[in-house]
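Worksheet: one structure, shown below.
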Amino acid sequence: MIGFEGAGLAVRPAGGFAEDVLRGLSARRKATPPKWLYDARGSALYELICEQPEYYPPRIETALLERHAREIAEAVGPDALLFEYGAGSARKTALLVAAMTRPAAYVPVDISREALLAAAEALGSRFPRLAIRPVLADFAAPVALPLDAPCARRVAFFPASTIGNLDPPDAVALLHRMRVQAGRGGALVIGVDLPKDEATLVRAYDDARGVTAAFDLNLLARVNRELEGDFRLSAFRHRARWDARLSRVEMHLEAQEPLVAHAAGAAFSFEAGETIHTESAYKWEPRAFDALAAIAGWRAERTWTDERAWFAVKLYEAP
C-alpha cells in the first residue's frame, strides 16, 4: 500500500531554486547546489548516465548488492523499517527489500516528484504487501519522516555514493540526522565510492556519448525554463576535473567566451574560461569514511567491496 506523504500539496524543497541561483552565480567562485540538477529531465538523464560504460559505480554497487543482499538483510534483521534519502529509481532498494525478512515499511525521500512516484509505484507493484510512504522533500535540510510503523529497528539506506556529493561537514550533518532518525539500535547501509586513478575518475564523469554533459547543461536549460533565463547553452562546455588534494571529482560548466546572461531578474557576467561548479563527488578511503561516520555516531560493522576495491557497501550500527 502506498500513502504519499504530501500528496496533492505543493511541497517546497528547502532553499528555493531562484535564491540558490542568484546567490551562487553572484559569488566570486560561481557554484550551485547539485540538487538542482535533478528535475524531471535531469533525473531521466542520470538514469542514462548509469548505463554508460565509463560510469562504473552503479554496476559495481548493484553487483555487490546482488551478491551480498542476503548477508546484509541477515545483519539488518527481520521486521525492519527502511528509509532512503534521494531514492531515485529505487532499483537497488528492490534488491535489498527482496532479501529482507518481513520488511515493515519503506520510506523513500526525493526532490523529484516524478522520480519519487515512479519508484514508489514500481516497488509497490513488486512488493504489494510492503507499506510504502513516499516523502517529497529536499534532504539537504532536516526532514520529518513518517517512521512510526511498528518495526524491530529502523534502517537508513543511502546507496549510489550520494554521500560523496556532500562536503565533509555536510556529510557529517546528514549522517547524524540519519543516526537520530534510525534511533537507538538502528542501522545504516551506505554505498561509498573509493579513490582510484585519475583517468578512470574523469572518464566516469565525462562519458564519450556526452550524457553527463547533457545532464550538467540541463541545469542552464532549467534556469531558462523556470527563471526566465537567457543562457545560451552552446556558449558553455561541461568539464570534469580531479582534485587530488580534496580527493574529489568536480563537475563544472565552463564559459567558452566572455558573455552576460540573465535569470531571475539579475545579470551575470562570465569571462572566457570561468566556470559554474555544479557538483562534487568525493572519493573516500574506507578508514577515513569510518572516522567520518563515527563523528556522526555510527559504529562500523561490515564492509563489502569488489575485487579491485573500487567501491564499497558498508554497514554501520547505532551503538
Side-chain angles (χ1 to χ4, degrees), residues 1-6 61 65 68-88 90-111 116 119-120 123-124 126-127 129-163 166 170-192 289-290 292-304 312-319:
M1 55 183 174
I2 300 175
F4 183 30
E5 298 298 315
E61 185 176 38
L65 289 170
H68 301 291
R70 180 60 61 185
E71 296 171 60
I72 298 170
E74 289 175 356
V76 164
D79 305 304
L81 181 153
L82 197 68
F83 65 96
E84 179 180 5
Y85 284 124
R91 291 176 186 170
K92 294 168 190 162
T93 316
L95 297 172
L96 182 56
V97 170
M100 293 171 66
T101 302
R102 300 186 307 275
Y106 172 53
V107 180
V109 183
D110 206 276
I111 197 171
L116 182 66
L123 260 71
R126 182 169 177 184
F127 306 103
R129 300 181 67 180
L130 177 65
I132 302 176
R133 304 181 70 180
V135 177
L136 181 65
D138 170 18
F139 66 78
V143 179
L145 300 182
L147 303 177
D148 53 346
C151 61
R153 75 190 312 193
R154 294 196 291 267
V155 180
F157 185 47
F158 203 49
S161 65
T162 305
I163 194 68
L166 303 179
D170 295 328
V172 170
L174 178 59
L175 290 169
H176 182 259
R177 288 201 296 274
M178 291 180 182
R179 164 69 178 83
V180 171
Q181 290 175 316
R184 184 176 180 181
L188 166 66
V189 178
I190 187 168
V192 181
F289 191 82
D290 287 347
L292 190 83
I295 295 171
W298 293 105
R299 180 181 64 212
E301 291 292 330
R302 298 281 302 276
T303 297
W304 296 269
V313 173
K314 299 177 72 69
L315 171 68
Y316 294 90
E317 294 193 351

Compare every heavy atom of [Y] with every heavy atom of [X], then report the nearest pair and how far apart it is.
X      : Y      : result
Leu292 : Ala171 : CD2-CB, 3.9 Å
Val155 : Ala80  : CG2-CB, 4.0 Å
Ala98  : Arg126 : CB-NH2, 3.9 Å
Trp298 : Ala182 : CH2-CB, 3.8 Å
Leu123 : Ala94  : CD1-CB, 4.5 Å
Ala318 : Gly183 : CB-O, 3.6 Å

Rounded at 0.5 Å granularity, tell me how far [atom1] in [X] sits from [atom2] in [Y].
X      : Y      : atom1 : atom2 : value
Leu130 : Arg102 : CG    : CZ    : 13.5 Å
Leu81  : Arg154 : CG    : CZ    : 7.5 Å
Phe127 : Met100 : CZ    : CE    : 10.0 Å
Phe157 : Leu65  : CZ    : CG    : 5.0 Å
Asp148 : Arg133 : CG    : CZ    : 5.0 Å
Ile163 : Leu175 : CD1   : CG    : 4.0 Å

Check whether any side-chain heavy atom of [X] sits under 4.5 Å from a side-chain heavy atom of [Y], and report yes or no.
X      : Y      : answer
Arg177 : Leu145 : no
Arg302 : His68  : no
Phe139 : Thr162 : yes
Trp304 : Leu315 : yes
Glu84  : Pro159 : yes
Val192 : Thr303 : no

request  = Step by step, work out the side chain to side chain contact (heavy atoms under 4.5 Å, CB included) result for Arg179 and Leu188.
outcome  = CA-CA 8 Å; Arg179 164 69 178 83; Leu188 166 66; over 6 Å; no
message = Any salt bridge linking Glu317 with Arg153? Criterion: basic side-chain nitrogen under 4.0 Å from a carboxylate oxygen.
response = yes
query = Going through the distances and angles, do Val135 and Phe83 end up as a side chain to side chain contact (heavy atoms under 4.5 Å, CB included)?
reply = CA-CA 10 Å; Val135 177; Phe83 65 96; over 6 Å; no
request  = For the pair Phe158 and Tyr85, name the ring-plane relationship: parallel under 30°, tilted 30 to 60°, perpendicular over 60°.
outcome  = perpendicular
Side-chain donor or acceptor of Gln181 paired with backbone N/O of Ala156 under 3.5 Å = no
message = Checking the side chain of Asp110 only, and the main-chain atoms of Gly88 only, is there a donor and an acceptor separated by less than 3.5 Å?
response = yes
key: Partner of Leu82 under side-chain contact (heavy atoms from CB on, under 4.5 Å), chosen from Ile132, Thr93, Val189, Val76   = Thr93
